[in-house]
Number of protein chains: 2
Amino acid sequence: MGTTRGRGPTIRDVARQAGVSAATVSRVLNDSPLVVEPTRARVRAAVDELGYRLNATARTLSLGRATAVGVVVPFFTTHSVIERLRGVVARLSGGGQRAYDLLLYDVEAPEQRADAMRDLADRNRVAGLLIVSLPIFDDEIDALQRDDLPAVLLDVSHPRLPGVVVDNVRGGELAAEHLLAKGHSHIGFVGDHPTNEYGFTSSEDRRRGFSSALDRAGIRLDPSMERYGVPDRDEADVLTRSLLQQPAPPTAIFAASDLQAIGVLRACEALGARVPDDVAVIGFDDVDLAEIVGLTTIHQPLRESGELAADLLVAAIEHGVHDPVQEVQELTVVERRTT
Amino acid sequence: MGTTRGRGPTIRDVARQAGVSAATVSRVLNDSPLVVEPTRARVRAAVDELGYRLNATARTLSLGRATAVGVVVPFFTTHSVIERLRGVVARLSGGGQRAYDLLLYDVEAPEQRADAMRDLADRNRVAGLLIVSLPIFDDEIDALQRDDLPAVLLDVSHPRLPGVVVDNVRGGELAAEHLLAKGHSHIGFVGDHPTNEYGFTSSEDRRRGFSSALDRAGIRLDPSMERYGVPDRDEADVLTRSLLQQPAPPTAIFAASDLQAIGVLRACEALGARVPDDVAVIGFDDVDLAEIVGLTTIHQPLRESGELAADLLVAAIEHGVHDPVQEVQELTVVERRTT
DNA sequence: GAGTCTGATGAAACCGGTTACATCGGAGGA
DNA sequence: TCCTCCGATGTAACCGGTTTCATCAGACTC
C-alpha cells in the first residue's frame, strides 16, 4: 500500500537503484556469466532492497514460451482420474524446481472438451498439454502441431501422440481368467454404454478382452448377462439388480471399474446375495476404495501413470517429440475378499 | 509447419488483412461500441480467415491484471480436500464463461506452503488466491495486501481474510451428543497430533468440542482414551489397537476424520470387536467413502464449500473485499451403521 | 457556404521483461 | 606508444496486446 498502487517495482527500478541498465539486471537475474561480480552484488542488493520480483507474464511474452502446462481432466469423474492427477501434480508442481506451473482445465460436459482444447492451444499460455482420459480428434492434433504445442495423453491413446496407457483388453482377459480359475462359468458384466458422449472406450475394451477370454474357455458371454449404463455407483446397483433377478443369475460379475463394482456389491447386499459365495465380484482400477472394501480387482498403477505422463510431457517440451512412444503399464490381479 | 514457425498471427496481421489499424482490431475484439458495423465485419472476417486467436499473455501484461486465479492445495491429502476442490473447479473453470483460469499449486511438504504463497503473490500472474486447508500467517497476509491480491480461505480461517469454514468445535460436540444419546459413557478419541507441521487445527478443534460436550454430561475424556498420530488410515488402525487393548477399552470411538474412522473400523475388525455392538464408531467429513462403508459421521458440505469459496473469490476480485466475511456452514449428524 | 461538433479511426506509447548489437575502456602485443 | 582485441555494460528494439490522444471526415447549424 502507500504509493505503489498494486504494481511492484520493475526491472528498471532495480536498474536505477543499482546504477546499471535494465539489461544488466536481466542478466544477473538469469545468471548470465557476462556480469562481473561487483556489479552482480550491487544488483542483488538492489533487488533485495526493493523487494523486486520477476513478472512471469512479461517474461513469458518476451521469451515467447510459457512456463505453464495445461492439464485437461474430466475432474468430476472417478477416483481413478484423481489418483492419476495426483501423480501429475506431484511431478509437475511439487518437485523442488517447480519448473512448470499447472493450469487445470476441468471438462464437465462433452462439449467443453473441444473448448478446452481450443482455448489452451490457441491462447498459447501453456508450453504443453496433458490430456487425461479424454479422446482427441485428428483435427485437434493438427491444430496442436500447427502451433508446435507438445501434448501427451494419459489413459487414452492416439498413434500420433505419446501416451501412457494400460492394455484394457488384456485387463479384461485377466479378470476372466481369474473368475474362470475360481470355477465360475456363468458370468455377468456391468459396464459403461459402449458408445458414450465423452468417447470413453476403456469399459468396452475391458469387456472385449473379458468376452474373448471366456470364448477361449468355451464360454459365451450372453447378452442377457451384460448390463450397460453410466459409470456410477447407483446405476451399477440398479443394473446389477436386474442382472441378479433373472431366472439363472450369474455366479460372478465383472464390473468395468471399481466404482461400479461397489454398486454391484451394494446390489448383492440388498438382494441378500452373499459375496463371494453366491456372487463373486471383480472390479478394475484398484483405487483406494477397493482396498478399503476388500474388493478383488485389476490393479493398474494410477499414480505412477500420472508421474510418467508428466515426465513425458516435460521431455517433449524440452527436447521435442521424436516419435510418439506409447508407454503401456503393467496390470495385475489383486485378490481380496470378493472372489 | 510452413512459414508461421510456431507463432500465430498477431493483432497487427489481422489489422493489415482487414485494412485497419491494430487499435481498431482490439476494439472489435473487446466489443467496444466505437467501431462502425462494416468495419467490424471486415475485422471479423479477417480474424476468421487468419484463424487469429488472442494472446492471453500479452493481454494480461497490457491490462496489468491476470485472468487466472491461484489455488493452493495440499493435494496429496484426503478425499475431503479433493471434494472441496471439485466444487472450486466446477465453479471456476467449468461454468460456461470460463472467466478465470485455474493455476493449481500443490503443497506436498510444509516448507512448500510458504514458497507457493510467495510465488503466487509476487509473480503476479494471478488475480486472486484461494487457499485450501492451509493456515496463513500475518506477514503473508501483509504481502498479499501490499500487492492488492485478494485471497479467500477454505477450511481454515483468519480474521483478516474472507473464508468458508465449519465450526469444528461444534462438530465435536455433535459427535459427543450422538454417542451420549446412544448410551455410551466410556468413549475414545483418535485424531491428529494437536501440533503438526502443517498447522492443521481441525482435529484438535473437534476434540475440544467433543471433550467439552462430554464434560457437560459429567464425563471426562481421560488421556488414556485419547490417541494421536498422523492423519492416515494405517496410523489410525495402530492407534485404535492400542486403545482397545487396554484393561477397560472404550465402547465408542470418535475419529477426527472419516479416513481415520476407516482405520478404526479396520482395527476393530482385526481385533474381533463388533461394530456397533462392541464398539461404536463415528467419523467426520462425510466423504463418499463414509457412505460406502456405512460409517456414521458428521456431515459437512464439502463440494458446496468449494463452490462458495470460489464465488467469494470472484466477488473479491471483481468488487474488492469490503469486510472479510466468514461463511460458516452447517454440520449435521448422518447416522449409518457404525453407531 | 463557413464554422463547429461529433463519431470513427489511426499513431504511438506503454505494460515489463529479453537480447542483438553498439560502445567503451583496459589489457596485451608489436 | 599505438593498435587490436575482448569483456563488461548500455541502447534500443521487440514480444502482442490496450489505450490515450490526435486526426479527419461528415453532419449539422446559422
Side-chain angles (χ1 to χ4, degrees), chain A residues 4-44 46-47 50-68 122-127 147-148, chain B residues 4-44 46-47 50-68 122-127 147-148:
Chain A
T4 58
R5 225 180 38 259
R7 307 210 180 278
T10 73
I11 201 170
R12 293 177 230 269
D13 296 331
V14 176
R16 193 172 322 116
Q17 173 86 7
V20 298
S21 73
T24 299
V25 176
S26 176
R27 291 190 187 103
V28 171
L29 296 175
N30 291 289
D31 287 319
S32 156
L34 291 174
V35 186
V36 84
E37 188 45 41
T39 311
R40 190 177 295 273
R42 279 216 313 288
V43 171
R44 290 254 166 71
V47 164
L50 271 57
Y52 167 81
R53 293 258 123 203
L54 204 142
N55 180 320
T57 306
R59 180 164 218 264
T60 296
L61 179 60
S62 178
L63 253 39
R65 55 191 159 77
T67 58
D122 294 338
R123 294 170 68 201
N124 59 357
R125 36 191 334 177
V126 295
D147 289 2
D148 266 333
Chain B
T4 57
R5 224 179 41 259
R7 306 210 180 280
T10 74
I11 201 169
R12 293 175 228 269
D13 295 330
V14 175
R16 192 172 322 116
Q17 173 86 6
V20 298
S21 73
T24 298
V25 176
S26 176
R27 291 191 187 103
V28 171
L29 296 175
N30 291 289
D31 287 319
S32 156
L34 290 173
V35 186
V36 84
E37 187 46 41
T39 312
R40 191 177 294 272
R42 280 217 312 288
V43 171
R44 291 253 168 71
V47 164
L50 270 57
Y52 168 80
R53 292 258 123 204
L54 204 142
N55 179 320
T57 306
R59 180 165 217 265
T60 296
L61 180 59
S62 178
L63 253 39
R65 56 192 158 78
T67 58
D122 294 338
R123 293 168 68 201
N124 59 354
R125 36 193 332 177
V126 295
D147 289 2
D148 265 333

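Every chain is numbered from 1, with letters handed out A, B, ... down the list of sequences. As a basis for the values below, the full set of heavy atoms in this structure was taken, side chains included, without hydrogen atoms, waters or symmetry mates. Predicted, not measured: the structure shown is a model, and the values here were computed from it.
- OP1 or OP2 of dC15(D) has not a single side-chain nitrogen or oxygen of N55(B) nearer than 4.0 Å.
- Contact check, S21(A) against dG10(D): a side-chain N or O comes under 4.0 Å of OP1 or OP2.
- Here the P atom of nucleotide dT18(D) and the CG atom of L61(B) are 11 Å apart, to the nearest Å.
- In terms of heavy-atom proximity, A58(B) sits nearest to L61(A) at CB-CD1, 3.8 Å.
- Ranked by how close their nearest DNA chain C nucleotide is to the 5' end, R40(B) and A58(B) are led by R40(B).
- Shortest non-hydrogen contact noted between A18(A) and V43(A) is CB-CA, 4.0 Å.
- Residue-level contact check: T39(B) touches the backbone only, with heavy atoms under 4.0 Å from sugar-phosphate atoms and none from bases.
- Here the side chain of R27(A) pairs no donor or acceptor atom with the backbone of S32(A) at under 3.5 angstrom.
- Close to dT18(C), at under 4.0 Å from its OP1 or OP2, lies a side-chain N or O of R59(A).
- Across all strands, S26(B) comes closer than 4.0 Å to base atoms (heavy-atom distances).
- Contact check, T24(A) against dG10(D): a side-chain N or O comes under 4.0 Å of OP1 or OP2.
- Within 3.5 Å, no donor on the side chain of R53(B) pairs with an acceptor on the base of dG16(D), nor the reverse.
- In this structure, R65(A) atom CZ and dT18(C) atom P are separated by 10 Å, rounded to whole Å.
- Annotation for T10(A) and Y52(A): closest pair C-CE1, 3.5 Å, computed over non-hydrogen atoms.
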